Amino acid sequence: MTDNDVYSMQLVSGMAWYSFETPVNIESTIVYGAPGSTIEFYDADKKLITSYMPTLNNQIENLPSPVKNVTSVVLKHTEGNFREWNVFGKSVEPPVAAPLNLKATGGDKKVTLTWNSVNNATSYNVKRSTTAGGPYVTVGSVTGSTYTYTDTNVVNGTTYYYVVTAVAAAGESAPSNEASATPKAGDVVVPPVEESGDSAILVITLNNGTAKEYDLSMNEVNAFIAWYEGRAAGKGPVMFAIDKHENNKGPFKNRKDYILYDKIITFEVNAYDNGKGGNGETTPPVNPEDPSNY
């Protein structure tokens, strides 16, 4: 190639060539000299991609279409001398590497993904399928500095398959390895109640810091525990009604507290014996599946 300055011209005849350090895409060219030139474009394997015969002298002319991934250009001149020649285009961005080490972890109504970072990535696309191997649908995107994603648009008990692609100036990468996970409700382990008494003080701590205390029969306590375990598994009503019995009844026939499952942080059972039996004197057995009890 020459310096595009006709005043520093150097007469050349026969053939000239130039090799680029990295592949480029050539879009236009210029040749200043006698007619009869041919420009050849070669790839990294030194295979001829295409050739072009300029029709203009000392003027930039666009090629019919860009010639991609060129590593060498050769100007062949059969008639007379040429003074200047050049080609114009853009360097080729290296292909984007695919993310590695994608991992998926299932939770309660969510799947959390992590992966390794990719150099020069500007963003990542998260793709999902309910079938191993796809086809995948893009469910989210994150910035190039984020290497984790939590998918909350999932259903417990369904297995989801994921891949992640990196996006950079050169385009979108190939997909990562596939990772799968099945979201499910967390396992709740409730220690067995030592039924050393027929009644208990149930203390429920709510997420606002309030502690609610109830004097109940052991049957009612066991019904509460059964309801709580059921909700932890995604079954049963979202609230539980606790009869306050003779506590602060006042002029009312009965009073109940309705406790929401997702408001409970923890609860405590303190059993004792009131001499009335496991159900108390007047409390019938409670069926946690019977809505009429709530």
Side-chain angles (χ1 to χ4, degrees), residues 93-192 204-210 223-240 258-268 288-289 291 294:
E93 294 286 345
V96 188
L100 300 175
N101 200 30
L102 176 64
K103 295 180 180 179
T105 303
D108 186 5
K109 299 180 182 178
K110 66 181 180 179
V111 174
T112 301
L113 305 173
T114 60
W115 59 89
N116 292 351
S117 62
V118 174
N119 290 336
N120 302 320
T122 57
S123 63
Y124 297 95
N125 290 330
V126 178
K127 304 181 180 185
R128 185 185 75 192
S129 176
T130 53
T131 304
Y136 305 98
V137 175
T138 300
V139 294
S141 297
V142 296
T143 65
S145 59
T146 304
Y147 320 121
T148 183
Y149 179 84
T150 300
D151 185 7
T152 57
N153 188 23
V154 295
V155 177
N156 284 349
T158 300
T159 300
Y160 296 91
Y161 302 85
Y162 296 87
V163 295
V164 173
T165 59
V167 179
E172 187 175 16
S173 74
S176 67
N177 61 290
E178 183 182 75
S180 64
T182 305
K184 63 178 181 178
D187 296 329
V188 177
V189 179
V190 180
I204 303 173
T205 302
L206 306 179
N207 59 6
N208 62 0
T210 302
F224 171 81
I225 294 173
W227 165 79
Y228 188 90
E229 288 184 285
R231 281 308 308 159
K235 301 177 181 179
V238 297
M239 68 175 66
F240 186 87
Y258 290 84
I259 305 297
L260 292 171
Y261 170 78
D262 60 1
K263 301 297 183 182
I264 299 173
I265 294 180
T266 185
F267 64 87
E268 176 183 331
E289 299 296 328
Y294 309 116

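Count residues from 1 along the sequence. Just so we're clear, the structure is a prediction, and the values are computed from it rather than from any experiment.
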request  = Check whether the side chains of Thr182 and Thr159 place a donor and an acceptor atom closer than 3.5 Å, and report yes or no.
outcome  = yes
query = Got Val126 and Trp115 here, is their nearest side-chain heavy-atom distance under 4.5 Å?
reply = yes
key: Separation of Arg128 CZ from Leu113 CG (nearest 0.5 Å)   = 10.0 Å
request  = Could you grab the distance from atom OG1 of Thr114 to atom OH of Tyr149, nearest 0.5 Å is fine?
outcome  = 14.5 Å
query = Do you know the tightest heavy-atom contact between Pro237 and Trp227?
reply = O-NE1, 2.9 Å
query = Rounded to the nearest 0.5 Å, what separation is found between the OH atom of Tyr160 and the OG1 atom of Thr130?
reply = 8.0 Å
inquiry  = With a 4.5 Å cut-off on side-chain heavy atoms, are Tyr124 and Ser173 touching?
reply    = no
CG/Asp262: more than 12 non-hydrogen atoms of other groups inside 6.0 Å = yes
ask   = So, for Ala181 and Val111, which heavy atoms are closest and what is the spacing to 0.1 Å?
value = CB-CG1, 3.9 Å
key: Minimum-distance pair of heavy atoms, taken over all atoms of Ala121 and Ala168   = CA-CB, 4.3 Å
note = When rounded to the nearest 0.5 Å, the distance separating CG of Asn116 from NZ of Lys103 is 8.5 Å
request  = May I ask you to decide if the ring planes of Tyr261 and Tyr228 are parallel, tilted or perpendicular, using 30° and 60° as cut-offs?
outcome  = tilted
query = For the residue pair Ser129 and Tyr136, what are the closest heavy atoms and their distance?
reply = CB-CD2, 3.6 Å
inquiry  = Tell me the closest heavy-atom pair linking Lys184 and Asn156, and the distance in Å.
reply    = N-OD1, 3.5 Å
Side-chain heavy atoms of Val96 within contact of Asn120, under 4.5 Å = no
key: Sidechain-backbone polar pair: Thr138 side chain, Asn125 backbone, donor-acceptor under 3.5 Å   = no
query = How far does CG of Asp151 sit from NZ of Lys109, to the nearest 0.5 angstrom?
reply = 14.0 Å
ask   = What's the spacing between Thr152 OG1 and Lys110 NZ if we round to 0.5 Å?
value = 9.5 Å
message = So Ile264 and Leu206, do their side chains get closer than 4.5 Å, heavy atoms only?
response = yes
ask   = Donor-acceptor pair, Thr143 side chain versus Ser123 backbone, under 3.5 Å?
value = no
note = Nearest heavy-atom contact between Pro99 and Ser176 is O-CB, 3.1 Å
